[in-house]
Protein chains: 2
Amino acid sequence: MIDKNSPIPIYYQLEELIKGLIEKGELKPGDSLPSEREYAEKYQISRMTVRQAFSKLVNDGYLYRLQGKGTFISDRKIEQPLQGLTSFTEDMQKRGMKPGSQLLDFKIIAASLQIASQLNIQENEPVYEIKRIRLADDVPMAFESTYISANLIKGLTIDIVHKSLYSYIEEQLHLRIDHATQIIESSIANQLEAQYLNIKNGAPILLIQRNTFLQDGTPVELVKSSYRADRYKFMIHMKR
Amino acid sequence: MIDKNSPIPIYYQLEELIKGLIEKGELKPGDSLPSEREYAEKYQISRMTVRQAFSKLVNDGYLYRLQGKGTFISDRKIEQPLQGLTSFTEDMQKRGMKPGSQLLDFKIIAASLQIASQLNIQENEPVYEIKRIRLADDVPMAFESTYISANLIKGLTIDIVHKSLYSYIEEQLHLRIDHATQIIESSIANQLEAQYLNIKNGAPILLIQRNTFLQDGTPVELVKSSYRADRYKFMIHMKR
DNA sequence: GAGTGGTCTAGACCACCCC
DNA sequence: GGGTGGTCTAGACCACTCC
């Protein structure tokens with residue numbers, strides 16, 4: 001089950017192995033795991049390597065440790081929702097809904113001062129502007145505008161955007177998307193939003209602005225979304 | 001600067017030392033840190049111990065690593081906001097506002113089915129109910145209702161709540177608050193909320209429900225807040 | 001080739017929990 | 001006292017970046 005000769009790090013293999021056991025239900029919330037020493041013995045690896053795998057899983061909320069007692073499976077009933085950076089598509093799938101998308105606009109424009117400052121580029125530099133209505137189970141869920149520097153992310157097409165923008169950036173351009181900041185606020189639908197989302201003028205909406213960055217802090221993407229408040233709640237999980 | 005005989009772990013001392021340098025501005029965003037090996041040499045500690053300190057700081061967003069190049073200070077201009085679990089008081093202080101509070105109600109009630117299920121207790125078990133208006137710079141910011149199991153958190157007083165509930169739970173009761181789930185949604189002020197928050201009926205508000213847990217998953221606290229949308233935006237930072 | 005972070009080892013002693 | 005996680009050491013080899 002653990003291949004020591006594989007180029008895949010051992011700690012990562014162990015991580016996936018344990019995650020698999022949890023997802024298959026062989027390890028249930030509250031269950032204690034075999035001790036770090038037992039894993040080390042069983043797979044003939046160092047205890048530090050086991051600890052590295054455990055630490056990642058603790059950090060991601062799969063496990064928790066109690067000194068002197070052991071390592072246990074977390075109760076993730078409530079905390080399931082947002083684990084790290086996900087796309088709209090993944091988000092909807094996790095919520096058990098069928099994601100969809102309706103393209104309104106895809107073009108290159110000159111960056112406004114506001115967009116340029118968010119993307120850390122000069123005013124009037126070219127940026128892709130993509131406007132879409134996002135659907136969940138074929139019903140409008142959000143109205144979304146995406147801005148991407150055309151000098152940083154070259155060769156973008158509608159097709160790529162439809163598939164997976166993040167995969168393209170990471171696998172074709174070899175850039176590593178690392179983190180994002182989201183600003184969430186409450187507002188009221190204007191006429192345009194009401195029309196696109198099929199709700200009443202003045203109905204509550206959740207505005208989410210996401211700024212995505214590479215590891216060195218270079219902005220990759222700016223997304224402004226308006227979600228229907230009657231269909232969408234934002235959930236996050238926080239560690240102390 | 002590093003005391004190897006102190007009961008405080010070396011990796012933690014190094015963490016604080018580096019954080020200090022960043023906060024004092026001696027290390028600026030984009031700067032590269034001395035290498036792991038240099039720190040190990042300088043303080044006569046193992047490289048693994050240095051890595052442990054670095055890893056925590058990377059995880060908390062202070063640093064980022066580039067293989068083959070070095071370790072660098074993150075640009076935290078935008079990402080500053082919400083780092084882990086914070087109280088209203090801390091939150092407002094970080095935003096540069098003066099926090100305040102106006103107590104509306106403090107009593108023990110029998111848990112409704114809804115509250116009981118959130119706190120994982122039986123219906124009609126005693127719970128503290130605390131209702132407050134939260135102020136920022138003396139202006140209403142949020143209307144907040146807190147529910148806490150009276151059997152779990154004993155001896156709660158208004159005074160404790162006014163100071164720091166979390167300190168009381170951790171230092172007096174020796175329970176370790178570990179994580180929380182927050183659900184954020186957009187809504188419109190009803191008459192009561194409008195009155196308390198000094199806004200118009202129908203004005204947008206941000207509803208935030210927070211469920212707080214101990215390490216083993218025991219619910220500690222349930223907080224329902226209604227924030228004025230014109231004064232409050234929720235910000236989060238996410239790692240991929 | 002020299003320097004960096006990424007992974008890994010085989011030990012060690014400690015603090016804590018439970019019997 | 002025996003088991004657990006928490007910390008720490010002093011090495012090792014690898015992949016990567018830069019010159």
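Residue numbers start from 1 in every chain, and the chains themselves are labelled A, B, ... in the order their sequence lines are given, proteins ahead of strands.
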Inset, instruction - Using a heavy-atom cut-off of under 4.0 Å over every strand shown, decide if A/Phe54 touches base, sugar-phosphate, or nothing. - result: nothing

Inset, instruction - Write down the distance between CZ (A/Arg65) and C1' (C/dC17), rounded to a whole number of angstrom. - result: 17 Å

Inset, instruction - For A/Glu38, enumerate each residue passing the side chain to side chain contact (heavy atoms under 4.5 Å, CB included) test, keeping only those at least two apart in sequence or located in another chain. - result: A/Pro34, A/Ser35

Inset, instruction - Let me know the distance between CZ of B/Arg47 and P of C/dG3, rounded to the nearest Å. - result: 14 Å

Inset, instruction - Heavy atoms of chain B, cut-off under 4.0 Å: which first and last nucleotide of DNA chain D, 5' to 3', fall inside that, if you could look? - result: D/dT7 to D/dC18

Inset, instruction - Could you state the atom-to-atom distance from CD1 of B/Ile8 to C1' of C/dC14 in whole Å? - result: 16 Å

Inset, instruction - To the nearest Å, give me how far apart CG (B/Leu33) and P (C/dT4) are. - result: 12 Å

Inset, instruction - For B/Asp3 and B/Asn5, indicate whether the former's side chain and the latter's backbone hold a donor-acceptor pair under 3.5 Å. - result: yes

Inset, instruction - Tell me whether the centres of the aromatic rings in A/Tyr39 and A/Phe54 are closer together than 6.0 Å. - result: yes

Legend entry - B/Ile8 backbone acceptor or donor facing B/Ser6 side chain under 3.5 Å: yes

Inset, instruction - Using a cut-off of 6.0 Å, state whether more than 12 heavy atoms not belonging to B/Gln122 lie near its atom CD. - result: no

Inset, instruction - By nearest nucleotide on DNA chain C, pick out whichever of A/Ile10 and A/Gly68 is the more 5' one. - result: A/Ile10

Legend entry - Any residue meeting salt bridge (charged side-chain N to carboxylate O under 4.0 Å, His left out) with B/Glu16, in chain and number order, not counting sequence neighbours: B/Lys19

Legend entry - N/O (side chain, B/Lys69) to phosphate O (OP1/OP2, C/dG3) under 4.0 Å: no

